[in-house]
Amino acid sequence: MNLKKIRKDVAVVGAGMTVFARRLQETGKEMAWEAAKMALDEAGLTLQDIDAVIMGSAPDAFDGVHKKGDWLLDGAGGTNKPYMRVFIGGGTAVFAPIAGWWHVASGMFQRVLVVCEEKMSSVQPHAQSAFGHIWDPILDRPLKPNLVWIFSMEMQRYMYKYNVRYEDIALVAVKNKRNAVGHPCAQLADPNITLEDVLNSEPMALPVRRLDISPPSDGAAAIVLVSEDVAYEHTDTPVWIDGVGWCIDTTMWTNRDLAFPKFVARAAKMAYEMAGIKDPRKEIDFAEPYDPFDYKELQHLEGLLLAEPGEAAIMTREGKTQRDGEFPVCPSGGLLGVGNPIAAALGIKIGELYWQLAGKAGPRQVKKDVRTGVAQAWGDLMQVSSVVVMRRR
Amino acid sequence: MTKKDKFGPPFNPRGKPLEANEMEKIPHIRAKAPAKYAWAAGTAMSRFLEELKNGKIIGRLCAQCDRVLVPPRMFCERCFKPTTEWVYLPGTAVVETFSISYIDQNANRIKEPILVGTVAFDGAPPDCGIMHYFGEMKPEELKIGMPVEPVWKPQNERVGSILDIKYFRPRKK
Ligand SMILES: [Zn+2]
(Lines give C-alpha, C1' and ligand atoms only; values in the text may rest on other atoms or scores of the structure.)
Protein backbone atom coordinates (compact mmCIF):
# COMPACT_ATOMS: atom_id res chain seq x y z
CA MET A 1 0.00 0.00 0.00
CA ASN A 2 1.26 3.47 -0.78
CA LEU A 3 0.04 5.74 1.98
CA LYS A 4 2.65 8.45 1.43
CA LYS A 5 2.42 9.72 -2.12
CA ILE A 6 -1.07 11.14 -2.18
CA ARG A 7 -1.30 13.79 -4.88
CA LYS A 8 -3.47 16.43 -3.22
CA ASP A 9 -4.36 17.26 0.35
CA VAL A 10 -8.10 17.41 0.92
CA ALA A 11 -10.02 19.78 3.20
CA VAL A 12 -13.57 19.98 4.51
CA VAL A 13 -14.92 23.52 4.03
CA GLY A 14 -18.62 23.11 4.79
CA ALA A 15 -21.10 20.73 6.39
CA GLY A 16 -24.84 20.53 6.90
CA MET A 17 -27.48 18.21 8.26
CA THR A 18 -31.25 18.00 8.70
CA VAL A 19 -32.92 17.28 12.01
CA PHE A 20 -32.82 13.60 12.90
CA ALA A 21 -36.24 12.21 13.84
CA ARG A 22 -38.11 8.90 14.01
CA ARG A 23 -40.15 10.04 10.99
CA LEU A 24 -39.75 13.01 8.70
CA GLN A 25 -42.40 14.16 6.29
CA GLU A 26 -39.73 14.96 3.67
CA THR A 27 -38.76 12.36 1.09
CA GLY A 28 -35.21 11.03 0.89
CA LYS A 29 -34.55 13.35 -2.03
CA GLU A 30 -35.89 16.37 -0.16
CA MET A 31 -33.79 15.56 2.90
CA ALA A 32 -30.67 15.09 0.76
CA TRP A 33 -31.34 18.45 -0.90
CA GLU A 34 -31.74 20.26 2.45
CA ALA A 35 -28.46 18.89 3.80
CA ALA A 36 -26.55 19.44 0.55
CA LYS A 37 -27.77 23.03 0.31
CA MET A 38 -26.67 23.78 3.90
CA ALA A 39 -23.17 22.38 3.25
CA LEU A 40 -22.84 24.37 0.01
CA ASP A 41 -24.07 27.53 1.76
CA GLU A 42 -21.50 27.15 4.54
CA ALA A 43 -18.76 26.67 1.94
CA GLY A 44 -20.03 29.68 -0.02
CA LEU A 45 -20.48 27.52 -3.12
CA THR A 46 -23.26 26.70 -5.53
CA LEU A 47 -23.83 23.37 -7.25
CA GLN A 48 -22.23 24.79 -10.41
CA ASP A 49 -18.89 24.89 -8.55
CA ILE A 50 -19.03 21.17 -7.73
CA ASP A 51 -17.07 18.77 -9.99
CA ALA A 52 -18.41 15.45 -8.69
CA VAL A 53 -20.92 14.09 -6.17
CA ILE A 54 -20.77 11.08 -3.83
CA MET A 55 -23.97 9.68 -2.33
CA GLY A 56 -23.98 7.38 0.69
CA SER A 57 -27.07 5.45 1.71
CA ALA A 58 -27.65 2.11 3.42
CA PRO A 59 -29.92 -0.81 2.44
CA ASP A 60 -32.35 -0.39 -0.44
CA ALA A 61 -34.76 -2.39 1.72
CA PHE A 62 -35.44 0.65 3.95
CA ASP A 63 -37.01 2.44 0.99
CA GLY A 64 -38.37 -0.56 -0.87
CA VAL A 65 -36.76 1.01 -3.94
CA HIS A 66 -33.79 -0.63 -5.62
CA LYS A 67 -30.75 1.30 -6.80
CA LYS A 68 -31.12 4.05 -4.24
CA GLY A 69 -28.19 5.86 -5.84
CA ASP A 70 -30.20 7.03 -8.79
CA TRP A 71 -33.40 7.25 -6.72
CA LEU A 72 -31.70 9.94 -4.57
CA LEU A 73 -29.61 11.49 -7.35
CA ASP A 74 -31.55 14.72 -7.93
CA GLY A 75 -31.65 15.63 -4.23
CA ALA A 76 -27.93 14.96 -3.85
CA GLY A 77 -27.10 17.35 -6.68
CA GLY A 78 -25.50 14.71 -8.89
CA THR A 79 -27.49 15.32 -12.07
CA ASN A 80 -25.22 15.77 -15.10
CA LYS A 81 -22.06 15.23 -13.06
CA PRO A 82 -19.73 12.35 -12.27
CA TYR A 83 -21.73 10.63 -9.52
CA MET A 84 -21.57 7.41 -7.54
CA ARG A 85 -23.25 5.82 -4.55
CA VAL A 86 -21.20 3.95 -1.99
CA PHE A 87 -22.60 1.60 0.62
CA ILE A 88 -20.99 -0.46 3.39
CA GLY A 89 -23.97 -0.50 5.75
CA GLY A 90 -23.42 1.55 8.90
CA GLY A 91 -19.81 2.10 7.86
CA THR A 92 -21.10 4.28 5.00
CA ALA A 93 -21.26 7.32 7.30
CA VAL A 94 -17.46 7.56 7.30
CA PHE A 95 -16.84 5.66 4.06
CA ALA A 96 -18.74 8.08 1.77
CA PRO A 97 -16.38 10.92 2.78
CA ILE A 98 -13.43 8.56 2.13
CA ALA A 99 -14.79 8.02 -1.39
CA GLY A 100 -15.07 11.82 -1.71
CA TRP A 101 -11.52 12.11 -0.42
CA TRP A 102 -10.02 9.84 -3.08
CA HIS A 103 -11.87 11.73 -5.83
CA VAL A 104 -10.06 14.91 -4.72
CA ALA A 105 -6.78 13.38 -3.49
CA SER A 106 -6.27 11.73 -6.88
CA GLY A 107 -6.08 15.18 -8.42
CA MET A 108 -9.06 14.47 -10.67
CA PHE A 109 -11.56 16.81 -8.98
CA GLN A 110 -11.16 20.06 -7.05
CA ARG A 111 -14.56 20.35 -5.36
CA VAL A 112 -16.67 17.35 -4.39
CA LEU A 113 -20.00 17.20 -2.57
CA VAL A 114 -20.64 14.19 -0.30
CA VAL A 115 -24.28 13.60 0.66
CA CYS A 116 -25.60 10.85 2.94
CA GLU A 117 -29.28 10.09 3.41
CA GLU A 118 -31.36 7.56 5.29
CA LYS A 119 -35.10 7.24 5.60
CA MET A 120 -35.74 4.29 7.88
CA SER A 121 -39.38 5.07 8.64
CA SER A 122 -40.83 4.00 5.28
CA VAL A 123 -40.47 0.31 6.05
CA GLN A 124 -43.43 -0.91 8.12
CA PRO A 125 -44.00 -1.55 10.91
CA HIS A 126 -40.36 -1.11 11.95
CA ALA A 127 -36.88 -0.95 10.41
CA GLN A 128 -36.34 -4.41 11.99
CA SER A 129 -38.39 -5.87 9.13
CA ALA A 130 -35.67 -4.79 6.71
CA PHE A 131 -32.82 -5.83 9.02
CA GLY A 132 -34.19 -9.39 8.86
CA HIS A 133 -32.85 -9.60 5.31
CA ILE A 134 -29.20 -9.14 6.22
CA TRP A 135 -28.79 -12.56 7.87
CA ASP A 136 -27.49 -15.69 6.15
CA PRO A 137 -30.57 -17.38 4.65
CA ILE A 138 -29.44 -20.95 5.35
CA LEU A 139 -27.79 -20.84 8.76
CA ASP A 140 -29.29 -17.83 10.52
CA ARG A 141 -32.73 -16.93 9.18
CA PRO A 142 -34.49 -20.18 10.15
CA LEU A 143 -33.78 -19.16 13.78
CA LYS A 144 -35.87 -15.98 13.25
CA PRO A 145 -33.17 -13.64 14.57
CA ASN A 146 -33.64 -10.05 15.61
CA LEU A 147 -30.69 -7.83 14.71
CA VAL A 148 -30.32 -6.78 18.35
CA TRP A 149 -29.30 -10.37 19.14
CA ILE A 150 -25.95 -10.11 17.44
CA PHE A 151 -25.08 -6.89 19.29
CA SER A 152 -26.20 -8.42 22.53
CA MET A 153 -23.98 -11.45 21.93
CA GLU A 154 -21.05 -9.25 21.02
CA MET A 155 -21.56 -7.10 24.12
CA GLN A 156 -21.77 -10.22 26.30
CA ARG A 157 -18.53 -11.59 24.88
CA TYR A 158 -16.81 -8.21 25.25
CA MET A 159 -17.87 -7.90 28.89
CA TYR A 160 -16.76 -11.46 29.61
CA LYS A 161 -13.36 -11.33 27.94
CA TYR A 162 -12.26 -7.94 29.27
CA ASN A 163 -14.12 -8.01 32.56
CA VAL A 164 -16.21 -4.93 31.75
CA ARG A 165 -19.11 -3.95 34.02
CA TYR A 166 -22.54 -3.15 32.56
CA GLU A 167 -22.76 -0.07 34.80
CA ASP A 168 -19.71 1.44 33.07
CA ILE A 169 -21.11 0.67 29.62
CA ALA A 170 -24.42 2.33 30.50
CA LEU A 171 -22.55 5.52 31.45
CA VAL A 172 -21.80 5.98 27.74
CA ALA A 173 -25.53 6.26 27.00
CA VAL A 174 -25.89 8.81 29.81
CA LYS A 175 -22.94 10.89 28.55
CA ASN A 176 -24.00 10.92 24.91
CA LYS A 177 -27.67 11.66 25.50
CA ARG A 178 -26.59 14.57 27.71
CA ASN A 179 -24.02 15.79 25.16
CA ALA A 180 -26.73 15.85 22.52
CA VAL A 181 -28.55 18.61 24.38
CA GLY A 182 -26.34 21.14 22.56
CA HIS A 183 -27.17 19.69 19.15
CA PRO A 184 -29.89 21.35 17.06
CA CYS A 185 -30.62 18.10 15.16
CA ALA A 186 -30.92 15.82 18.19
CA GLN A 187 -33.67 13.23 18.46
CA LEU A 188 -32.96 11.80 21.92
CA ALA A 189 -31.17 14.53 23.87
CA ASP A 190 -31.93 14.29 27.56
CA PRO A 191 -30.35 16.72 30.04
CA ASN A 192 -31.70 14.80 33.04
CA ILE A 193 -30.99 11.18 32.16
CA THR A 194 -29.29 9.16 34.91
CA LEU A 195 -27.45 5.87 35.12
CA GLU A 196 -30.49 4.37 36.89
CA ASP A 197 -32.69 5.29 33.92
CA VAL A 198 -30.49 3.18 31.64
CA LEU A 199 -30.09 0.30 34.10
CA ASN A 200 -33.85 0.17 34.66
CA SER A 201 -34.94 0.61 31.05
CA GLU A 202 -36.84 -2.32 29.60
CA PRO A 203 -34.85 -5.40 28.63
CA MET A 204 -34.56 -5.94 24.87
CA ALA A 205 -32.07 -8.79 24.42
CA LEU A 206 -30.07 -8.89 27.63
CA PRO A 207 -27.54 -7.56 28.33
CA VAL A 208 -28.95 -4.90 25.94
CA ARG A 209 -31.70 -2.65 27.34
CA ARG A 210 -33.75 -0.05 25.53
CA LEU A 211 -31.56 2.93 26.47
CA ASP A 212 -28.37 1.12 25.39
CA ILE A 213 -29.58 1.42 21.79
CA SER A 214 -29.70 4.37 19.40
CA PRO A 215 -33.10 4.85 17.75
CA PRO A 216 -34.00 4.36 14.08
CA SER A 217 -34.04 7.78 12.41
CA ASP A 218 -34.72 9.70 9.25
CA GLY A 219 -32.14 12.30 8.30
CA ALA A 220 -29.50 13.53 5.88
CA ALA A 221 -26.09 15.17 6.11
CA ALA A 222 -23.55 16.56 3.66
CA ILE A 223 -20.00 17.91 3.48
CA VAL A 224 -18.01 19.79 0.85
CA LEU A 225 -14.46 18.56 0.12
CA VAL A 226 -11.94 20.68 -1.75
CA SER A 227 -8.36 20.33 -2.97
CA GLU A 228 -5.45 22.15 -1.30
CA ASP A 229 -5.24 24.25 -4.48
CA VAL A 230 -8.48 26.06 -3.70
CA ALA A 231 -9.16 25.47 0.02
CA TYR A 232 -8.28 28.97 1.22
CA GLU A 233 -10.41 30.55 -1.50
CA HIS A 234 -13.40 29.22 0.42
CA THR A 235 -12.56 29.58 4.09
CA ASP A 236 -9.89 30.68 6.56
CA THR A 237 -10.49 27.54 8.61
CA PRO A 238 -10.29 24.49 6.35
CA VAL A 239 -10.11 21.23 8.26
CA TRP A 240 -7.84 18.69 6.60
CA ILE A 241 -8.47 14.99 6.06
CA ASP A 242 -4.97 13.70 6.82
CA GLY A 243 -5.63 9.99 7.07
CA VAL A 244 -8.22 7.48 5.84
CA GLY A 245 -8.50 3.74 6.37
CA TRP A 246 -10.99 0.95 5.99
CA CYS A 247 -11.05 -2.81 6.50
CA ILE A 248 -13.55 -5.68 6.55
CA ASP A 249 -13.55 -9.04 8.38
CA THR A 250 -15.17 -12.31 7.24
CA THR A 251 -18.94 -12.50 6.81
CA MET A 252 -18.87 -15.79 8.79
CA TRP A 253 -19.66 -13.91 11.97
CA THR A 254 -19.80 -17.04 14.13
CA ASN A 255 -16.10 -17.52 13.25
CA ARG A 256 -15.03 -14.05 14.40
CA ASP A 257 -13.44 -12.72 17.58
CA LEU A 258 -16.45 -10.82 18.93
CA ALA A 259 -14.57 -9.17 21.81
CA PHE A 260 -11.90 -7.18 19.98
CA PRO A 261 -12.62 -5.65 16.54
CA LYS A 262 -9.37 -6.36 14.67
CA PHE A 263 -10.75 -4.86 11.49
CA VAL A 264 -11.18 -1.50 13.29
CA ALA A 265 -7.54 -1.64 14.41
CA ARG A 266 -6.42 -2.42 10.85
CA ALA A 267 -8.42 0.50 9.44
CA ALA A 268 -7.10 2.79 12.20
CA LYS A 269 -3.47 1.80 11.60
CA MET A 270 -3.89 2.59 7.91
CA ALA A 271 -5.34 6.04 8.68
CA TYR A 272 -2.72 6.77 11.36
CA GLU A 273 0.17 5.80 9.09
CA MET A 274 -1.13 8.09 6.38
CA ALA A 275 -1.53 10.92 8.90
CA GLY A 276 1.97 10.31 10.29
CA ILE A 277 0.56 9.40 13.71
CA LYS A 278 2.86 7.13 15.71
CA ASP A 279 1.28 7.32 19.15
CA PRO A 280 -2.47 7.79 18.70
CA ARG A 281 -3.12 8.23 22.43
CA LYS A 282 -0.77 11.21 22.56
CA GLU A 283 -1.38 12.71 19.15
CA ILE A 284 -5.19 12.54 18.90
CA ASP A 285 -7.14 15.08 20.97
CA PHE A 286 -10.71 13.77 20.73
CA ALA A 287 -12.77 11.09 19.00
CA GLU A 288 -16.13 10.45 17.37
CA PRO A 289 -16.28 6.63 17.34
CA TYR A 290 -19.43 4.95 16.05
CA ASP A 291 -21.87 4.48 18.95
CA PRO A 292 -25.12 2.82 17.79
CA PHE A 293 -24.94 0.94 21.10
CA ASP A 294 -23.18 2.19 24.23
CA TYR A 295 -20.72 -0.74 24.37
CA LYS A 296 -19.70 -0.01 20.77
CA GLU A 297 -18.20 3.35 21.78
CA LEU A 298 -15.92 1.50 24.21
CA GLN A 299 -15.07 -1.37 21.89
CA HIS A 300 -14.36 1.09 19.07
CA LEU A 301 -12.10 3.28 21.24
CA GLU A 302 -10.11 0.13 21.92
CA GLY A 303 -10.12 -0.87 18.24
CA LEU A 304 -8.92 2.66 17.42
CA LEU A 305 -5.97 1.99 19.78
CA LEU A 306 -7.01 4.89 22.00
CA ALA A 307 -7.43 2.52 24.97
CA GLU A 308 -6.28 -0.96 25.91
CA PRO A 309 -8.95 -3.70 25.70
CA GLY A 310 -11.30 -3.10 28.64
CA GLU A 311 -9.74 0.25 29.51
CA ALA A 312 -12.30 2.44 27.71
CA ALA A 313 -14.86 1.47 30.35
CA ILE A 314 -12.56 2.71 33.08
CA MET A 315 -11.86 5.97 31.21
CA THR A 316 -15.63 6.45 30.99
CA ARG A 317 -16.17 5.76 34.69
CA GLU A 318 -13.43 8.25 35.56
CA GLY A 319 -15.05 10.95 33.41
CA LYS A 320 -12.12 11.25 31.01
CA THR A 321 -14.36 10.92 27.97
CA GLN A 322 -16.74 13.70 28.97
CA ARG A 323 -16.85 16.79 26.77
CA ASP A 324 -14.74 18.69 29.31
CA GLY A 325 -12.62 15.63 30.15
CA GLU A 326 -9.05 14.94 29.14
CA PHE A 327 -10.10 12.91 26.09
CA PRO A 328 -13.57 13.95 24.88
CA VAL A 329 -15.51 11.19 23.09
CA CYS A 330 -18.66 11.82 21.05
CA PRO A 331 -18.99 15.51 21.99
CA SER A 332 -21.74 15.67 19.33
CA GLY A 333 -24.00 13.46 21.42
CA GLY A 334 -23.35 10.57 19.04
CA LEU A 335 -25.87 8.22 17.54
CA LEU A 336 -27.18 7.48 21.03
CA GLY A 337 -28.17 11.11 21.57
CA VAL A 338 -28.55 12.74 18.15
CA GLY A 339 -30.04 9.70 16.39
CA ASN A 340 -29.03 6.92 14.03
CA PRO A 341 -30.11 7.46 10.41
CA ILE A 342 -27.45 4.97 9.30
CA ALA A 343 -25.43 6.69 6.54
CA ALA A 344 -26.47 10.19 7.64
CA ALA A 345 -24.42 9.70 10.81
CA LEU A 346 -21.89 11.44 8.54
CA GLY A 347 -23.17 14.64 10.19
CA ILE A 348 -22.34 13.50 13.73
CA LYS A 349 -19.00 11.89 12.89
CA ILE A 350 -17.22 13.83 10.11
CA GLY A 351 -19.50 16.87 10.56
CA GLU A 352 -18.68 17.10 14.26
CA LEU A 353 -14.93 16.73 13.66
CA TYR A 354 -15.17 19.58 11.19
CA TRP A 355 -17.15 21.88 13.49
CA GLN A 356 -15.00 21.09 16.52
CA LEU A 357 -11.69 21.55 14.69
CA ALA A 358 -12.89 24.76 13.02
CA GLY A 359 -13.90 26.05 16.47
CA LYS A 360 -17.51 26.34 15.34
CA ALA A 361 -19.26 23.82 17.58
CA GLY A 362 -20.92 26.45 19.79
CA PRO A 363 -22.15 25.01 23.09
CA ARG A 364 -20.79 21.60 22.04
CA GLN A 365 -17.24 22.95 21.67
CA VAL A 366 -14.91 20.83 23.77
CA LYS A 367 -13.06 22.63 26.54
CA LYS A 368 -9.51 21.80 25.57
CA ASP A 369 -7.84 23.13 22.43
CA VAL A 370 -8.19 20.45 19.76
CA ARG A 371 -6.04 20.09 16.65
CA THR A 372 -6.46 16.43 15.71
CA GLY A 373 -9.58 14.27 15.80
CA VAL A 374 -10.57 10.80 14.63
CA ALA A 375 -14.00 9.63 13.40
CA GLN A 376 -15.02 6.04 12.78
CA ALA A 377 -18.05 4.10 11.59
CA TRP A 378 -18.93 0.41 11.55
CA GLY A 379 -21.30 -1.71 9.57
CA ASP A 380 -22.26 -4.41 7.07
CA LEU A 381 -22.82 -7.58 9.12
CA MET A 382 -20.89 -6.00 12.07
CA GLN A 383 -17.65 -6.58 10.21
CA VAL A 384 -16.44 -3.41 8.46
CA SER A 385 -14.93 -0.19 9.71
CA SER A 386 -14.04 3.15 8.16
CA VAL A 387 -11.71 5.63 9.89
CA VAL A 388 -10.85 9.27 9.14
CA VAL A 389 -8.25 11.47 10.87
CA MET A 390 -8.82 15.23 10.56
CA ARG A 391 -6.60 18.15 11.55
CA ARG A 392 -6.59 21.91 11.88
CA ARG A 393 -3.29 23.36 10.72
CA MET B 1 -31.29 34.03 23.00
CA THR B 2 -31.97 33.01 19.43
CA LYS B 3 -31.72 29.45 18.26
CA LYS B 4 -28.59 30.45 16.36
CA ASP B 5 -26.89 31.56 19.59
CA LYS B 6 -28.00 28.58 21.60
CA PHE B 7 -26.74 25.89 19.23
CA GLY B 8 -23.56 25.56 17.24
CA PRO B 9 -23.75 24.54 13.59
CA PRO B 10 -25.61 23.17 11.81
CA PHE B 11 -27.75 26.32 12.07
CA ASN B 12 -31.51 25.98 11.69
CA PRO B 13 -31.54 22.45 10.32
CA ARG B 14 -34.73 21.67 8.48
CA GLY B 15 -37.10 18.71 8.41
CA LYS B 16 -40.63 18.14 9.72
CA PRO B 17 -40.87 15.35 12.32
CA LEU B 18 -44.08 13.29 12.36
CA GLU B 19 -45.77 11.40 15.20
CA ALA B 20 -46.65 7.76 14.50
CA ASN B 21 -50.35 8.52 14.00
CA GLU B 22 -49.64 11.47 11.71
CA MET B 23 -48.63 9.05 8.98
CA GLU B 24 -52.33 8.35 8.43
CA LYS B 25 -53.11 12.06 8.01
CA ILE B 26 -50.49 13.04 5.46
CA PRO B 27 -50.51 11.98 1.80
CA HIS B 28 -48.78 8.62 1.57
CA ILE B 29 -48.78 5.45 -0.53
CA ARG B 30 -48.75 1.91 0.89
CA ALA B 31 -47.48 -1.21 -0.83
CA LYS B 32 -46.12 -4.68 -0.18
CA ALA B 33 -43.04 -6.13 -1.83
CA PRO B 34 -43.97 -9.82 -1.92
CA ALA B 35 -40.73 -11.16 -3.43
CA LYS B 36 -40.11 -14.88 -2.86
CA TYR B 37 -36.77 -16.67 -3.00
CA ALA B 38 -35.32 -20.18 -3.21
CA TRP B 39 -31.66 -20.23 -2.21
CA ALA B 40 -29.53 -23.14 -3.40
CA ALA B 41 -27.48 -24.14 -0.38
CA GLY B 42 -24.34 -24.71 -2.45
CA THR B 43 -21.65 -27.37 -2.42
CA ALA B 44 -20.41 -27.12 1.17
CA MET B 45 -23.64 -26.27 2.94
CA SER B 46 -25.66 -28.95 1.12
CA ARG B 47 -23.44 -31.62 2.68
CA PHE B 48 -23.64 -29.89 6.07
CA LEU B 49 -27.46 -29.89 5.91
CA GLU B 50 -27.52 -33.53 4.74
CA GLU B 51 -25.37 -34.53 7.71
CA LEU B 52 -27.70 -32.68 10.08
CA LYS B 53 -30.37 -35.12 8.92
CA ASN B 54 -28.05 -37.90 10.14
CA GLY B 55 -27.56 -36.17 13.46
CA LYS B 56 -23.95 -35.26 12.61
CA ILE B 57 -21.92 -32.05 12.51
CA ILE B 58 -19.39 -31.91 9.70
CA GLY B 59 -16.66 -29.39 8.89
CA ARG B 60 -14.03 -28.88 6.18
CA LEU B 61 -10.30 -28.89 6.83
CA CYS B 62 -8.01 -26.20 5.43
CA ALA B 63 -4.65 -27.97 5.32
CA GLN B 64 -2.84 -24.66 4.88
CA CYS B 65 -3.95 -22.97 8.13
CA ASP B 66 -5.00 -26.21 9.85
CA ARG B 67 -8.49 -24.94 10.69
CA VAL B 68 -11.58 -27.14 10.63
CA LEU B 69 -14.11 -24.71 9.19
CA VAL B 70 -17.60 -24.90 10.66
CA PRO B 71 -19.83 -23.96 8.94
CA PRO B 72 -17.95 -25.74 6.13
CA ARG B 73 -16.70 -23.95 3.01
CA MET B 74 -15.11 -25.43 -0.14
CA PHE B 75 -12.36 -22.77 0.11
CA CYS B 76 -10.59 -21.00 2.97
CA GLU B 77 -11.17 -17.26 2.87
CA ARG B 78 -7.84 -16.58 4.60
CA CYS B 79 -5.52 -18.84 2.60
CA PHE B 80 -7.69 -18.59 -0.52
CA LYS B 81 -6.99 -22.26 -1.22
CA PRO B 82 -9.44 -25.13 -1.65
CA THR B 83 -10.28 -26.96 1.57
CA THR B 84 -9.21 -30.59 1.35
CA GLU B 85 -11.25 -32.97 3.45
CA TRP B 86 -14.49 -33.51 5.33
CA VAL B 87 -14.13 -33.88 9.09
CA TYR B 88 -16.86 -35.26 11.38
CA LEU B 89 -17.03 -33.51 14.72
CA PRO B 90 -18.43 -35.02 17.92
CA GLY B 91 -21.17 -32.35 18.00
CA THR B 92 -20.43 -31.28 21.54
CA ALA B 93 -19.65 -27.61 21.93
CA VAL B 94 -18.93 -24.73 24.27
CA VAL B 95 -20.99 -21.55 24.70
CA GLU B 96 -19.02 -18.65 23.17
CA THR B 97 -21.58 -15.97 23.94
CA PHE B 98 -25.33 -15.58 24.41
CA SER B 99 -28.31 -13.29 24.68
CA ILE B 100 -31.51 -13.50 26.70
CA SER B 101 -34.02 -11.97 24.35
CA TYR B 102 -37.30 -10.41 25.37
CA ILE B 103 -38.06 -9.40 21.78
CA ASP B 104 -38.94 -11.52 18.77
CA GLN B 105 -37.81 -11.09 15.19
CA ASN B 106 -40.12 -8.11 14.58
CA ALA B 107 -39.25 -6.39 17.86
CA ASN B 108 -42.50 -7.50 19.54
CA ARG B 109 -42.14 -8.02 23.27
CA ILE B 110 -42.34 -11.61 24.53
CA LYS B 111 -42.85 -12.93 28.08
CA GLU B 112 -40.72 -16.08 28.03
CA PRO B 113 -37.24 -15.04 26.89
CA ILE B 114 -35.51 -16.73 23.96
CA LEU B 115 -32.10 -18.10 24.97
CA VAL B 116 -29.81 -17.77 21.98
CA GLY B 117 -26.09 -17.54 21.36
CA THR B 118 -23.12 -18.92 19.50
CA VAL B 119 -21.31 -22.18 20.22
CA ALA B 120 -17.82 -23.34 19.21
CA PHE B 121 -17.69 -27.03 18.30
CA ASP B 122 -15.23 -29.38 19.98
CA GLY B 123 -12.61 -30.31 17.37
CA ALA B 124 -12.81 -26.92 15.65
CA PRO B 125 -10.83 -23.80 16.56
CA PRO B 126 -12.27 -21.37 19.15
CA ASP B 127 -14.72 -18.96 17.50
CA CYS B 128 -15.65 -21.69 14.97
CA GLY B 129 -19.31 -22.55 15.30
CA ILE B 130 -22.88 -21.50 14.68
CA MET B 131 -25.70 -19.52 16.24
CA HIS B 132 -28.46 -21.51 17.92
CA TYR B 133 -30.96 -21.64 20.75
CA PHE B 134 -30.34 -22.99 24.25
CA GLY B 135 -32.79 -25.08 26.25
CA GLU B 136 -33.28 -27.26 29.37
CA MET B 137 -31.80 -24.51 31.51
CA LYS B 138 -32.90 -21.38 33.32
CA PRO B 139 -31.73 -18.04 31.88
CA GLU B 140 -29.50 -17.44 34.91
CA GLU B 141 -27.77 -20.80 34.38
CA LEU B 142 -26.56 -19.87 30.90
CA LYS B 143 -22.84 -18.96 31.01
CA ILE B 144 -19.99 -18.38 28.57
CA GLY B 145 -17.71 -21.44 28.54
CA MET B 146 -20.54 -23.81 29.45
CA PRO B 147 -20.18 -27.28 27.82
CA VAL B 148 -23.29 -28.03 25.75
CA GLU B 149 -24.62 -30.70 23.40
CA PRO B 150 -27.21 -30.61 20.62
CA VAL B 151 -30.72 -31.91 21.16
CA TRP B 152 -31.86 -33.36 17.83
CA LYS B 153 -35.36 -33.62 16.47
CA PRO B 154 -36.52 -37.23 16.01
CA GLN B 155 -34.88 -38.65 12.87
CA ASN B 156 -38.13 -38.84 10.89
CA GLU B 157 -38.76 -35.14 11.49
CA ARG B 158 -35.36 -33.94 10.25
CA VAL B 159 -35.41 -32.19 6.90
CA GLY B 160 -31.83 -30.96 6.41
CA SER B 161 -32.16 -27.63 8.20
CA ILE B 162 -30.36 -25.90 11.02
CA LEU B 163 -33.66 -26.47 12.87
CA ASP B 164 -32.98 -30.24 12.85
CA ILE B 165 -31.17 -29.27 16.04
CA LYS B 166 -33.85 -28.15 18.49
CA TYR B 167 -31.39 -26.40 20.78
CA PHE B 168 -28.23 -26.97 22.79
CA ARG B 169 -28.53 -28.12 26.40
CA PRO B 170 -26.02 -28.43 29.25
CA ARG B 171 -23.79 -31.43 28.57
CA LYS B 172 -24.55 -34.49 30.68
CA LYS B 173 -21.48 -35.65 32.56
ZN1 LIG C 1 -6.77 -21.64 5.52
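Given the structure is predicted, the values throughout are model-derived calculations rather than measurements.
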Original post:
Would you call B:Leu49 and A:Ile138 a side-chain contact if the rule is heavy atoms closer than 4.5 Å?
Top reply: yes

Original post:
Are the side chain of B:Tyr102 and the backbone N or O of A:Leu206 linked by a donor-acceptor pair below 3.5 Å?
Top reply: no

Original post:
Does A:Arg364 use its side chain to pair, donor to acceptor, with the backbone of B:Pro9 at less than 3.5 Å?
Top reply: yes

**OP:** Would you mind telling me which of A:Arg157, A:Lys161, A:Met155 makes a side-chain contact (heavy atoms from CB on, under 4.5 Å) with B:Thr97?
**Re:** A:Arg157

Subject >> Residue pair A:Trp253 / B:Met131, side-chain heavy-atom distance below 4.5 Å >> reply: yes

Subject >> Heavy-atom pairs under 4.5 Å with chain A, option from B:Thr118, B:Ile144, B:Leu163, B:Val119 with the top count >> reply: B:Ile144

**OP:** Please tell me if the side chains of A:Thr254 and B:Pro71 come closer than 4.5 Å, counting only heavy atoms from C-beta onward.
**Re:** yes

Subject >> Heavy-atom pair count under 4.5 Å with chain B, highest-scoring of A:Arg256, A:Gln128, A:Gln365 >> reply: A:Arg256

Subject >> Part of A:Gln124 within contact of chain B (heavy atom distance under 4.5 Å) >> reply: side chain

Subject >> chain B contact via A:Trp135 - side chain, backbone, both or neither, heavy atoms under 4.5 Å >> reply: side chain

**OP:** Evaluate the side-chain proximity of A:Pro145 to B:Gln105: yes if any heavy-atom separation is below 4.5 Å, no if none is.
**Re:** yes

**OP:** Could you look at A:Ala21 and say if it's the side chain, the backbone, both or neither that has a heavy atom under 4.5 Å from chain B?
**Re:** side chain

Subject >> Side chain proximity check, A:Lys144 to B:Asp104, heavy atoms < 4.5 angstrom >> reply: no

Original post:
Do B:Arg109 and A:Glu202 meet the salt-bridge criterion of a basic N to acidic O distance under 4.0 Å?
Top reply: yes

Original post:
Between the side chain of A:Asn255 and the main-chain N/O of B:Val70, is any donor-acceptor distance below 3.5 Å?
Top reply: yes

